[in-house]
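Read the structure below first, then the notes.
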Amino acid sequence: MRALTIAREFLTTRSLIYAPKQFSQQLQQQRHQPKATEETYVPFSQLQQQRKLLESELITILDGCNDLHQIKQVHAQILYNGLNQCCYVLTKLIRMLAKFNVPMETYPRLVFDQVRYRNPFLWTALIRGYLLQGSLRDSIVLYGSMRKEGIDPVSFTFSALFKACSEVLDVSLGRQIHAQTILVGGFTSDLYVGNTLIDMYVKCGCLGCGRKVFDEMPEKDVISWTELIAGYAKGGDMESAAALFDGLPLKDMVAWTAMVTGYAQNAMPGKAIQYFERMQNAGIETDDVTLVGVISACAQLGAVKYANWVCHTAERSGFINNVVVGSALIDMYSKCGIVEDAYRVFERMKERNVYSYSSMIVGFAMHGQGHAALKLFHEMVETDIRPNRVTFVGVLTACSHMGLVEQGRQLFASMEKCYGVAPAADHYACMVDLLGRAGRLEESLELAQTMPVDPHAGVWGALLGACHIHGNPDIAQIAASHLFELEPDGIGNYIVLSNIYALAGRWDDVSRVRKLMKRKGLKKNPGYSWVEGKNGVIHEFVANDLTHSKSSEIRQVLEDILDRLKAHGYQPNLSCVPRDVSDEEKERILMTHSEKLALAFAMLTTSVGCTIRIMKNVRICEDCHVFMCGASQIIEREIVVRDNMRFHHFRDGKCSCGNFW
DNA sequence: CTAGGGTTAG
């Protein structure tokens with residue numbers, strides 16, 4: 001008891017003596033209340049705490065400012081609260097002013113000059129601001145005056161400068177400061193400085209330099225490792241990333257995630273999922289960022305089983321409410337062929353952004369639901385979310401698939417005028433595609449030849465594809481000649497051109513293209529079809545592949561469907577075989593196309609009534625398209641086929657693509 | 001103060 005009383009007395013005395021001026025008024029009031037009880041009395045430690053709270057509150061508000069006006073208001077509050085000498089808050093103020101591109105020489109400089117005792121952080125904020133605004137000389141002069149005033153640079157000075165360099169991607173400037181660091185003495189051995197330095201080199205694409213800093217650092221932490229791992233992953237070098245990861249003594253969640261997303265970004269979805277499972281087995285937690293990596297991997301795999309698994313994981317963890325996770329899920333379900341589930345995710349999202357809308361619009365377009373895509377676009381522009389270039393690629397392809405030429409034209413014209421999105425080559429490709437598919441090949445060609453942006457392979461490819469649909473070998477030749485220049489090794493272009501010639505019966509030209517391919521050493525990549533069998537096992541089929549264990553049953557099923565289809569008036573489309581062989585042989589070849597084998601296999605192995613999903617790596621041929629339409633009616637099942645990147649939903653004898661593909 | 005994230009075309 002006695003000890004407690006003494007302690008209380010001590011505290012009371014101290015607080016009266018050491019109270020700062022700003023609070024004298026408050027303390028005066030306390031002095032004139034000699035009978036202050038414990039409830040009305042505010043000790044100094046608490047005042048200090050209040051001040052700290054106020055400071056951090058102001059910093060949070062500053063952080064959330066969206067424009068200069070808001071910042072100015074907070075500045076007024078800072079002055080009102082007597083914090084015009086508080087380096088901590090003013091540092092944040094200057095950083096925000098720099099972020100909103102207020103010229104350093106004006107407002108921020110004024111704030112800085114009014115502070116009497118400036119700490120290195122305040123200096124750094126100003127120097128960094130000048131750097132970000134491209135005034136290298138001013139920032140160096142300032143650095144000099146800072147040293148003259150006897151302020152030693154802290155490690156933060158350098159890490160802030162490196163961060164500024166990585167933000168403006170100026171690696172030569174970064175190198176100069178790196179040299180400075182070494183001159184001043186040993187700051188690169190500081191963990192923070194070293195890490196920011198690595199990050200700068202990595203972000204600027206100088207992986208070698210980053211590695212050198214890493215190797216020379218006397219002390220590294222998991223952040224140093226992860227920066228480099230992510231750098232290798234971004235550069236597409238997963239082998240180096242994996243080698244580094246293996247040597248990492250303490251692997252945390254972020255490091256694991258870097259590997260998962262690295263594999264996902266480099267088109268190795270299987271590896272990504274494998275790492276995710278290893279990560280879970282190691283007892284590492286996962287968060288929203290990890291999930292996004294796995295979801296993107298599942299989208300690439302296109303396997304429904306994995307898609308549902310990862311969606312449940314997201315639901316269980318609660319991260320399903322994260323916008324990025326939601327948008328990734330939309331994309332995944334679209335790419336797995338279940339656009340309904342994609343829309344379900346979209347509907348349930350609490351927050352949406354341009355990615356969510358674009359992914360959903362692209363998803364609808366991919367599945368031939370062009371009207372749904374356009375409707376969603378119109379809903380989107382009613383919100384304050386602005387469409388971007390990807391959104392327009394989505395709506396334009398939607399128009400193209402529905403044959404909505406006029407609507408597409410209007411949207412294209414509105415891009416820049418109403419939404420400030422300048423049409424890029426991609427958008428011209430969409431327009432060339434739109435006109436070409438609609439049969440307006442001359443207009444399409446003219447657009448490709450006169451467009452103000454340099455046409456890329458996508459533009460000529462769209463035209464070539466349109467020539468294939470409408471059988472125009474002359475315009476095809478023009479498109480192909482551009483493509484052969486832009487993509488000399490693009491095997492698909494040679495094949496499409498030769499198919500167009502075959503369709504027109506120009507067999508001499510066909511063999512000319514074939515010889516060209518041979519001379520270039522290009523080989524046709526075979527068309528595959530995949531079906532997810534029981535327990536999520538993926539079965540692969542190639543045309544004319546009779547090695548499958550159920551081959552004879554598959555043939556039996558196909559013959560059965562063929563007979564019933566023929567009874568309904570189906571005729572095999574022999575022009576789909578671009579070879580100069582007999583009609584019987586053509587008919588036989590048609591029946592061994594991989595998607596037909598896959599269909600028969602799926603009928604043998606899946607239960608009646610459930611949707612059959614087939615994934616392909618090349619475009620579905622016209623005969624298979626008609627065949628699938630008929631088959632969906634005869635077997636009374638929905639058949640979903642993904643060719644290259646588009647989905648066909650065959651139901652009751654009709655396809656969702658409306659024969660526009 | 002430092003590390004890992006999503007949408008696009010033939």
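Heavy-atom basis, side chains included; hydrogens, waters and symmetry copies ignored. Residue numbers begin at 1 in each chain, while the letters A, B, ... track the order of the sequences.
- Applying the salt bridge (charged side-chain N to carboxylate O under 4.0 Å, His left out) test to pairs two or more places apart or on separate chains, those with a residue in residues 323-344 of chain A are D331(A)-K335(A), D341(A)-R344(A).
- Within the nucleic acid shown, T290(A) comes within 4.0 Å of at least one base atom, counting heavy atoms only.
- Residue pairs meeting the salt bridge (charged side-chain N to carboxylate O under 4.0 Å, His left out) criterion with at least one member in residues 390-399 of chain A: none, sequence neighbours excluded.
- Scanning for salt bridge (Lys or Arg N to Asp or Glu O under 4.0 Å) contacts around E379(A) gives K375(A), with sequence neighbours left out.
- Listed by residue number, N353(A), Y355(A), S358(A), S359(A), V362(A) are the residues of residues 337-366 of chain A with a heavy-atom contact under 4.0 Å to DNA chain B.
- For the segment residues 476-488 of chain A, the set of residues with a heavy atom within less than 4.0 Å of an atom of DNA chain B comprises L483(A), E487(A), in numerical order.
- Among the protein residues, V323(A) comes within range of the nucleic acid bases, having at least one heavy atom under 4.0 Å from a base atom.
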Name every donor-acceptor pair, under 3.5 Å, that has one atom in a side chain of residues 239-252 of chain A and the other anywhere in the protein, sequence neighbours excluded.
from: S240(A); atom 1: OG; to: D237(A); atom 2: OD1; distance (Å): 3.1
from: S240(A); atom 1: OG; to: D237(A); atom 2: OD2; distance (Å): 2.4
from: K251(A); atom 1: NZ; to: F245(A); atom 2: O; distance (Å): 3.4
from: K251(A); atom 1: NZ; to: L248(A); atom 2: O; distance (Å): 3.1
from: D252(A); atom 1: OD1; to: V254(A); atom 2: N; distance (Å): 3.3
from: D252(A); atom 1: OD1; to: A255(A); atom 2: N; distance (Å): 2.9

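- Using a 4.5 Å cut-off on side-chain heavy atoms (C-beta onward), N388(A) and S358(A) make contact.
- Residue D426(A) is in base contact, counting any heavy-atom pair closer than 4.0 Å across all strands shown.
- Nucleic acid contact class of G465(A) (heavy atoms, under 4.0 Å, all strands): sugar-phosphate only.
- R128(A) comes within 4.0 angstrom of no nucleic acid atom, judged by non-hydrogen atoms across all strands.
- Using a 4.0 Å heavy-atom cutoff across all strands shown, K234(A) reaches sugar-phosphate atoms only and no base atom.
- Counting non-hydrogen atoms under 4.0 angstrom, S296(A) reaches nothing in the nucleic acid.
- Looking at heavy-atom distances under 4.0 Å, A230(A) makes contact with sugar-phosphate atoms alone, never a base.
- Listed by first and then second residue, the salt bridge (charged side-chain N to carboxylate O under 4.0 Å, His left out) pairs that reach into residues 428-438 of chain A are D433(A)-R437(A), sequence neighbours excluded.
- For H178(A), the ring-ring contact (aromatic ring centres under 6.0 Å, His included) test picks out Y201(A), with sequence neighbours left out.
- A457(A) comes within 4.0 angstrom of a nucleotide base, judged by non-hydrogen atoms across all strands.
- Here E442(A) pairs with nothing under the side-chain hydrogen bond (donor to acceptor under 3.5 Å, both in side chains) rule; sequence neighbours left out.
- When the ring-ring contact (aromatic ring centres under 6.0 Å, His included) test is applied to F484(A), the partners found at least two apart in sequence or on another chain are Y494(A).
- Checked by atom type and distance alone, the side chain of D474(A) never pairs as donor or acceptor with a backbone atom of Q477(A) at under 3.5 Å.
- In this structure F162(A) satisfies the ring-ring contact (aromatic ring centres under 6.0 Å, His included) test with no other residue, sequence neighbours excluded.
- Scanning DNA chain B 5' to 3' for nucleotides with an atom closer than 4.0 angstrom to a non-hydrogen atom of chain A gives a first and last hit of dC1(B) to dG10(B).
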